[in-house]
Amino acid sequence: MSSSKPAVEIRAMTIDDLAVVYAMGEDLFTADKWTTLYRTWDEYEVLNNYMSDPETSLVAEIDDKIVGFALGTVIEKPGTAWTYGYLLWFGVSDDFRNRGIASKLLRRLTELFIEDGARMMLVDTDAENEKAIEFFKKSGFGHPQAHVYLSRNLSKHPEYERHRAEDKRK
């Protein structure tokens, strides 16, 4: 008796998938895991990407359950021959890691970028996300560039405290 793994289907995201993808991202992109995400994961990230780039908004499905997603966009640099595929958001449910799902999503997104004329593919991740960095290196990405990201906690700023005090009085 052979134990076969359920098939992974990579397909275009549909409007019915938005809530599931958003909820999965809420689990994956949390402040306790990634304190310095340069973008915030919110419902608009999913909706805007789906509305503007439906062809590069993908989900991975096993037995009719969404287990991963990739949100990408194609960027054309005006006045040049350069077109970039940019992987904006990428995730696989913790329960389905190490099953090749991320590789299948990345492979399909790469194909779509090439079909759209992309000559280069870009991805970024937190410098401390060693698993992601290793995955992308194994997938052929290289030439990492340092990026300085600064943040400022405004909750101790006098104006913030004044504003909060006014809100409490209302």
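Because the structure is a prediction, the values reported are computed rather than measured.
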State, to 0.1 Å, how close V8 and A60 come at their nearest heavy-atom pair, and which atoms those are. CG1-CB, 4.3 Å
What one should report as the nearest heavy-atom pair of A118 and G85 is CB-N, 3.6 Å
Could you pull out all residues at least two apart from [X] that satisfy side chain to side chain donor-acceptor pair (under 3.5 Å)?
{"X": "E111", "result": "R108"}
{"X": "N49", "result": "S57"}
{"X": "S93", "result": "none"}

Are the side chains of [Y] and [X] in contact, using a 4.5 Å heavy-atom criterion?
{"X": "T83", "Y": "V74", "value": "yes"}
{"X": "W82", "Y": "M120", "value": "yes"}
{"X": "V67", "Y": "V59", "value": "no"}
{"X": "F69", "Y": "L105", "value": "no"}
{"X": "Y84", "Y": "K77", "value": "yes"}

Hey, is the main chain of T56 close enough, under 3.5 Å, to the side chain of D53 for a donor-acceptor pair? no
Heavy-atom donor-acceptor pair, D42 side chain to E45 backbone, under 3.5 Å: yes
[X] and [Y]: same hydrophobic cluster, using ILVMFWY side-chain contacts below 4.5 Å?
{"X": "V20", "Y": "Y22", "value": "yes"}
{"X": "V92", "Y": "L88", "value": "no"}
{"X": "I101", "Y": "F29", "value": "no"}
{"X": "I66", "Y": "Y50", "value": "yes"}
{"X": "L18", "Y": "L109", "value": "no"}

Euclidean distance, [Y] [atom2] relative to [X] [atom1], rounded to 0.5 Å:
{"X": "I75", "Y": "D116", "atom1": "CD1", "atom2": "CG", "answer": "12.5 Å"}
{"X": "D124", "Y": "I133", "atom1": "CG", "atom2": "CD1", "answer": "10.5 Å"}
{"X": "R119", "Y": "I114", "atom1": "CZ", "atom2": "CD1", "answer": "12.5 Å"}
{"X": "E161", "Y": "E166", "atom1": "CD", "atom2": "CD", "answer": "13.0 Å"}

Within 6.0 Å of CD in E76, more than 12 heavy atoms from elsewhere: no
In short, ring pair (Phe, Tyr, Trp, His ring centres under 6.0 Å) pairs touching residues 103-135 with sequence neighbours left out are F90-F135
Pair R164 + D167, salt bridge at N-O below 4.0 Å: no
Considering only NZ, NE, NH1 and NH2 on the basic side and carboxylate oxygens on the acidic side, decide whether K137 and E134 come within less than 4.0 Å. no
Pairs where residues 7-20 contributes a residue and the test side-chain hydrogen bond (donor to acceptor under 3.5 Å, both in side chains) is met, not counting sequence neighbours: R11-D17, R11-E61, T14-D17
Test log, rule side-chain contact (heavy atoms from CB on, under 4.5 Å), inputs L106 and M121: CA-CA 11 Å; L106 185 62; M121 188 169 174; 3.4 Å; yes
Can you name the residues that form a ring-ring contact (aromatic ring centres under 6.0 Å, His included) with F141, not counting sequence neighbours? F136
Evaluation steps, side-chain contact (heavy atoms from CB on, under 4.5 Å), between L112 and E55: CA-CA 8 Å; L112 293 169; E55 65 282 351; 5.6 Å; no
